[in-house]
Amino acid sequence: MLDKFFKMSERGTDLRTEVLAGFTTFVTLAYILFVNPNVLSEAGIPKEAAITATVLATVGTTLLVGLLANMPMAAAPGLGLQAFFTYTVVLGMGLPWQTALGAVFFSGVFFFILTVTGALQYIVKSIPEVLKISMSVGVGLFIAFIGLRAAGVVVDNPNTLVGIGDVTSPPVILSILGVFLAGALMARQVKGGLLISILATTIVGMILGIFDRPTAISDVISFTPPDISSTFGKLDLGAAIRYGLFSIVFSFTIVEMFDNIGTLIGLSRRANLIDENGEIPNLNRFLLAQSIGTMWSSVVGTCTVTTYVENAAGITEGGRTGLTAIVVGLLFALAIFFAPLVGLVPAYATAPALIIIGALMIQGIKDIDFSDFTDALPAFLTIIVMPLTYSIAQGIAFGFISYAVVKTISGKAKEVHWLVYLIAVAFIINFAMRLA
């Protein structure tokens, strides 16, 4: 029955291989259980509820991907979008996290409509490649900057805005060593390298008395799931509408769009799931699962879900069907019982993972043609504005506007798709409305 439903024989795999692939993906992706709640807690969301919300969003979306799209990929709240949610929308704009969750829900609805109508693939093809790459690189720098801040390496400085922290303090030293450990493990292609780094940094910190240590077994494992009542169903849709959060909803949607499509293409190619016509089977079903997952994540109390590149680990182990995703989802469900342990892990221990992920995300910069300044300037502005303004949305806006303006003035208007002009104008209007 499993073979028939998941088409295992057709895709050249079996039950044992799929289970092993699912376990491998879980090990490489489990670090999000420690990182995501720390980021969300800075937005004012109770950490205990953030842990449960992360698990429920990951389990719900991943199971849906496995059952609906039959793809060997797990989906979870995206780190870049978590950072955007926390530092731009909540802390930067001063909006309540309940309102921000409302914007996440609407981005999921928007994504769902684009998928159902077939407009999504048209939009993806219309956006110039240089802006797609620049967005990914910019988000990577933004995440790395947040990691350096969480590690205490970068701190506020009234004279220069930012400065170097106290790199002689034990927590900062330990965090820096965590970066080196994570980097070495990643370089040696050790499965679960980020997770190992987080746990090792935490354990050493506890032994040295830098971090709080567990005093009972209940501080590590609990058979009573953490309370989620403080976030479940608390999204404020009315406030999101009243604030007119066009740029916020658009930024959530467009980053989710390119994150999912780009990662999905790469993973599908690696799994040999692209057919003779160059198309991905069940692509629309996969995107539908992601859009529904985003709406679900806003209900439970976390951010937009996306497909993680860490799925490549399970695919390398032979995962080819949705059964791999089902195994990942079930393992994340079991992880909820270790919520007390997750709650003990400090930001100093998860910061190295953010820095390493940032380093991985900027690799696409090599594909930008900097010899053509009409591409180079929009790319540069997209990348640099994100970390310096602490806003993914502002980086995207500067990228679209500068691309349309520079190409037009340079006599290359024919290279600009009408949709790019439309998006640029929408961002300009949004800026004007905010100034008014």
Side-chain angles (χ1 to χ4, degrees), residues 35 39 42-43 78-95 100 128 130-165 167 172 175 179 245-248 250-252 254-255 258-259 303 347 351-368 370 373-406 423-424 426-428 430-432 434-435:
V35 179
V39 175
E42 291 198 45
L79 281 175
L81 290 164
Q82 297 276 36
F84 176 56
F85 177 95
T86 297
Y87 301 106
T88 299
V89 182
V90 177
L91 298 180
M93 298 178 64
L95 298 179
V130 65
L131 290 183
K132 296 177 189 176
I133 297 170
S134 303
M135 280 184 243
S136 178
V137 174
V139 170
L141 282 180
F142 185 37
I143 291 174
F145 186 64
I146 291 169
L148 290 168
R149 173 181 167 275
V153 175
V154 174
V155 296
D156 294 336
N157 185 304
N159 298 317
T160 59
L161 295 182
V162 293
I164 189 74
V167 294
V172 178
S175 196
V179 175
L245 302 179
F246 165 78
S247 63
I248 306 301
F250 180 77
S251 298
F252 275 129
I254 201 166
V255 175
F258 294 133
D259 263 8
C303 196
L354 293 172
I355 296 168
I356 294 297
I357 290 166
L360 293 173
M361 291 184 71
I362 68 167
Q363 294 177 14
I365 199 170
K366 67 182 185 298
D367 297 320
I368 297 175
F370 284 101
F373 205 70
T374 61
D375 280 349
L377 182 61
F380 172 75
L381 289 175
T382 303
I383 293 168
I384 200 68
V385 167
M386 286 188 189
L388 293 187
T389 63
Y390 238 56
S391 172
I392 292 174
Q394 305 299 351
I396 294 174
F398 270 80
F400 273 96
I401 294 171
S402 62
Y403 185 88
V405 172
V406 173
I423 293 172
F427 272 123
I428 292 172
N430 184 65
F431 280 137
R434 287 171 60 184
L435 287 174

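One-based numbering along the sequence shown.
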Give every donor-acceptor pair under 3.5 Å between a side-chain atom in residues 375-382 and any protein atom, sequence neighbours left out.
from : atom 1 : to   : atom 2 : distance (Å)
D375 : OD1    : K407 : NZ     : 3.2
T382 : OG1    : P378 : O      : 2.7

Listing, residues 82-93 side-chain donor-acceptor contacts under 3.5 Å, not counting sequence neighbours, or none:
from : atom 1 : to   : atom 2 : distance (Å)
Q82  : NE2    : T302 : OG1    : 3.2
T86  : OG1    : V39  : O      : 3.2
T86  : OG1    : Q82  : O      : 3.2
Y87  : OH     : E42  : OE2    : 3.0
T88  : OG1    : Y390 : O      : 2.5

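The minimum heavy-atom distance between P352 and S175, with the atom names listed, is CG-O, 3.4 Å. Among all heavy-atom pairs drawn from A351 and A150, the shortest one is CB-CB, 3.9 Å. Nearest heavy-atom pair across Y403 and T374 is CD1-O, 4.2 Å.
Rounding to the nearest 0.5 angstrom, the gap separating the CZ atom in F142 from the CD1 atom in I384 is 13.0 Å. For the atom pair CD1 (I133) and CG (D367), the distance works out to 5.0 Å, reported to the nearest 0.5 Å. With values rounded to the nearest 0.5 angstrom, I368 atom CD1 is found 10.5 Å from K366 atom NZ. To the nearest 0.5 Å, atoms CG (L141) and CD1 (I383) are separated by 7.0 Å. A distance of 8.5 Å separates CG of L81 from CD1 of I143, quoted to the nearest 0.5 Å. Atom CG of residue D156 and atom CG of residue L161 lie 9.0 Å apart, to the nearest 0.5 angstrom.
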- Item | F398/T389 under side-chain contact (heavy atoms from CB on, under 4.5 Å): CA gap, chis, key distance, verdict | CA-CA 11 Å; F398 270 80; T389 63; 5.9 Å; no
- Message: Under the criterion side-chain contact (heavy atoms from CB on, under 4.5 Å), I'd like the reasoning laid out for I365 against F370: C-alpha separation, chi angles, the key distance, then a yes or no.
- Response: CA-CA 10 Å; I365 199 170; F370 284 101; 4.0 Å; yes
- Item | Test side-chain contact (heavy atoms from CB on, under 4.5 Å) applied to F427 and I396, step by step | CA-CA 9 Å; F427 272 123; I396 294 174; 3.9 Å; yes
- Evaluate side-chain contact (heavy atoms from CB on, under 4.5 Å) for V153 paired with I164, printing each intermediate quantity in order. CA-CA 6 Å; V153 175; I164 189 74; 3.9 Å; yes
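Under the 4.5 Å side-chain criterion, counting only non-hydrogen atoms from C-beta, I362 is in contact with V137.
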